[in-house]
Protein chains: 2
Amino acid sequence: MIIKIGELAKISDCSVQSIRHYEKEQLLSAKIRSDGNFRLYDQADIERLLFIKHCRSLDLSLGEIRQLLSLNDSPMSQCDDVNQMIEQHIEQVERRIAELTLLNKQLKALRRSCTSKRTVEHCGILKQLNKAVSQNN
Amino acid sequence: MIIKIGELAKISDCSVQSIRHYEKEQLLSAKIRSDGNFRLYDQADIERLLFIKHCRSLDLSLGEIRQLLSLNDSPMSQCDDVNQMIEQHIEQVERRIAELTLLNKQLKALRRSCTSKRTVEHCGILKQLNKAVSQNN
DNA sequence: TATTGACTCTATAGTTACTATAGACTTTAA
DNA sequence: TTAAAGTCTATAGTAACTATAGAGTCAATA
């Protein structure tokens with residue numbers, strides 16, 4: 001089965017531009033073109049793109065995915081490389097969660113400081129933001 | 001006290017380029033320039049920049065901060081506008097936390113699937129990533 | 001067969017919040 | 001006076017796309 005980019009986009013739920021972007025980033029290439037220079041894809045390409053999408057859904061960067069794909073393409077390399085990348089990625093995600101959790105607390109404290117229909121002149125939130133500012137100083 | 005951009009950068013722990021960037025984005029402007037066209041700042045500018053930095057530490061976007069500043073500059077507007085923005089921002093942060101928490105679970109499941117020194121040919125992680133792909137299909 | 005509409009092509013600009021650089025000018029201290 | 005440090009504007013780069021323009025291709029209808 002040979003398909004053009006539009007159909008690949010539908011099958012993979014991925015925009016046409018994203019697919020072309022992945023090609024530019026060397027993650028996926030249409031090995032052949034039609035007479036009129038249209039990209040043509042086969043089953044293996046579909047699977048490769050779904051692999052990419054799955055990795056993206058795990059927030060892996062295109063660079064990381066490129067590494068995984070090349071490891072996948074050369075089966076003699078060490079599994080540990082994959083492990084290490086995933087490990088680092090987990091750490092990064094956990095750091096970000098911790099940051100956002102703290103942020104969430106601060107925002108909620110801020111929200112509590114103003115709840116009524118007052119003019120900004122007396123808005124607790126703005127007062128808090130300004131107070132924190134002068135404390136910093 | 002009148003200072004130049006370098007000193008403002010030091011006081012506020014903000015890069016010189018960031019300050020110029022905030023000016024371009026109309027968050028902060030040097031009202032006066034020296035004879036040699038250097039930006040000159042006063043105490044009010046320092047406070048305004050610290051306010052901006054505090055908002056940035058809460059992950060508010062420059063657009064949101066611009067709104068807050070203009071509300072702050074026109075004290076007759078409604079406090080509710082501020083509330084609403086903070087509310088939306090909290091929701092956004094909480095959505096992102098939920099996403100990342102799910103992501104973290106998936107990554108840890110993935111990690112469990114390969115732990116030994118095998119070649120990639122038998123790497124559980126890559127197998128898992130590929131499996132998920134074919135399931136999607 | 002000609003034409004229309006849908007699809008595809010490349011190349012470029014925009015998004016966000018900056019950082020980094022180049023090349024020129026200004027200020028300050030020795 | 002001169003050298004170093006600071007500043008100026010303008011531009012390009014970051015990540016992972018999205019959006020657009022202008023031109024070419026393909027399939028089906030009139």
Side-chain angles (χ1 to χ4, degrees), chain A residues 2-41 45 49 51-69 85 88-89 92-93 96 99-100 103, chain B residues 2-41 45 49 51-69 85 88-89 92-93 96 99-100 103:
Chain A
I2 295 236
I3 56 176
K4 284 183 289 186
I5 199 167
E7 198 172 352
L8 179 58
K10 257 180 225 153
I11 289 172
S12 59
D13 189 32
C14 191
S15 77
V16 166
Q17 287 103 312
S18 292
I19 296 173
R20 290 200 273 246
H21 181 63
Y22 293 153
E23 177 170 316
K24 196 196 276 179
E25 294 293 322
Q26 317 202 38
L27 297 182
L28 174 74
S29 72
K31 277 139 258 147
I32 44 172
R33 296 275 183 131
S34 75
D35 287 352
N37 200 33
F38 285 12
R39 290 171 178 84
L40 298 176
Y41 299 96
D45 295 319
L49 179 54
F51 178 93
I52 292 168
K53 282 217 74 186
H54 187 220
C55 292
R56 283 297 299 142
S57 79
L58 296 173
D59 249 15
L60 294 169
S61 70
L62 299 191
E64 287 172 322
I65 297 170
R66 189 164 34 234
Q67 280 180 63
L68 282 180
L69 284 168
M85 177 192 305
Q88 278 175 13
H89 195 69
Q92 185 187 316
V93 167
R96 188 64 185 145
E99 279 170 22
L100 287 176
L103 182 54
Chain B
I2 295 235
I3 56 175
K4 284 182 289 184
I5 199 167
E7 198 172 350
L8 179 59
K10 259 179 224 153
I11 289 170
S12 59
D13 189 31
C14 190
S15 77
V16 166
Q17 286 103 313
S18 291
I19 297 172
R20 290 199 273 247
H21 181 64
Y22 293 153
E23 179 171 314
K24 196 196 276 180
E25 294 292 323
Q26 316 203 39
L27 297 183
L28 174 74
S29 72
K31 278 138 258 149
I32 43 171
R33 296 276 183 130
S34 74
D35 288 352
N37 200 32
F38 284 12
R39 290 170 177 86
L40 298 176
Y41 300 95
D45 295 319
L49 179 53
F51 178 93
I52 293 168
K53 281 216 74 185
H54 187 221
C55 292
R56 283 297 299 143
S57 79
L58 296 172
D59 249 13
L60 294 168
S61 70
L62 298 192
E64 287 171 322
I65 297 170
R66 190 163 34 234
Q67 280 179 64
L68 282 179
L69 284 168
M85 177 192 305
Q88 278 176 12
H89 195 68
Q92 185 188 315
V93 167
R96 188 65 186 144
E99 279 171 21
L100 288 176
L103 182 54

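In what follows, chains are A, B, ... by sequence order, proteins preceding strands, each numbered from 1. In this text, all values refer to a predicted model and were calculated from it rather than measured experimentally.
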Requested in this report: Check the surroundings of atom CD in B/Glu25: do more than 12 heavy atoms from other residues, nucleotides or ligands lie under 6.0 Å from it?
Outcome: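 Result for CD/B/Glu25: enclosed.
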Query raised in the report: Do other residues, nucleotides or ligands put more than 12 heavy atoms under 6.0 Å from B/Lys31 NZ?
Result: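 Result for NZ/B/Lys31: enclosed.
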Query raised in the report: On DNA chain D, nearest-nucleotide positions of A/Arg20 versus A/Gly36: which is more 5'?
Result: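 Here A/Arg20 is the residue nearer the 5' end.
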**Report entry** Pairwise 5' ranking along DNA chain D for A/Gln17 and A/Asp35, keeping only the more 5' one
**Finding:**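 Counting from the 5' end, the first nearest nucleotide belongs to A/Gln17.
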Whole-Å distance separating the [atom1] atom of [X] from the [atom2] atom of [N]:
X	N	atom1	atom2	result
A/Gln26	D/dC17	CD	P	16 Å
B/Ile5	C/dT26	CD1	P	17 Å
A/Tyr41	C/dC7	OH	P	16 Å
B/Lys24	C/dT19	NZ	P	13 Å
B/Glu23	C/dA17	CD	C1'	16 Å
B/Lys10	D/dG6	NZ	P	6 Å
B/Glu7	D/dT7	CD	P	9 Å
B/His21	C/dA20	NE2	C1'	14 Å

Requested in this report: For B/Ser15 and for B/Lys4, find the nucleotide of DNA chain C with the closest heavy atom, then tell me which residue's nucleotide is more 5'.
Outcome: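 The residue mapped nearer the 5' terminus is B/Ser15.
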Quick one: is [N] close enough that its OP1 or OP2 comes under 4.0 Å of any side-chain N or O from [X]?
X	N	answer
A/Ser34	C/dT8	no
A/Arg39	C/dC9	yes
A/Tyr22	D/dC17	yes
A/Ser18	D/dA16	no

State which of [options] makes the closest approach to the side chain of [X].
X	options	value
B/Arg33	D/dC8, C/dT8, D/dC17	D/dC8
B/Ser61	C/dA17, D/dA16, C/dT8	C/dA17
A/Asn37	C/dT10, D/dC8, D/dC17	C/dT10
B/Arg56	C/dC9, C/dA17, D/dC26	C/dA17

Query - Salt bridge flag under 4.0 Å for residues B/Arg96 and B/Glu99 - result: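 The answer is yes: the pair qualifies as a salt bridge.
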Requested in this report: Could you tell me whether the side chain of B/Ile3 reaches within less than 4.5 Å of the side chain of B/Asp45, counting heavy atoms only?
Outcome: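 Of all side-chain heavy-atom pairs linking B/Ile3 with B/Asp45, none is under 4.5 Å.
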**Report entry** side chain to side chain contact (heavy atoms under 4.5 Å, CB included) assessment of A/Ile19 paired with A/Tyr41
**Finding:** CA-CA 11 Å; A/Ile19 296 173; A/Tyr41 299 96; 3.6 Å; yes
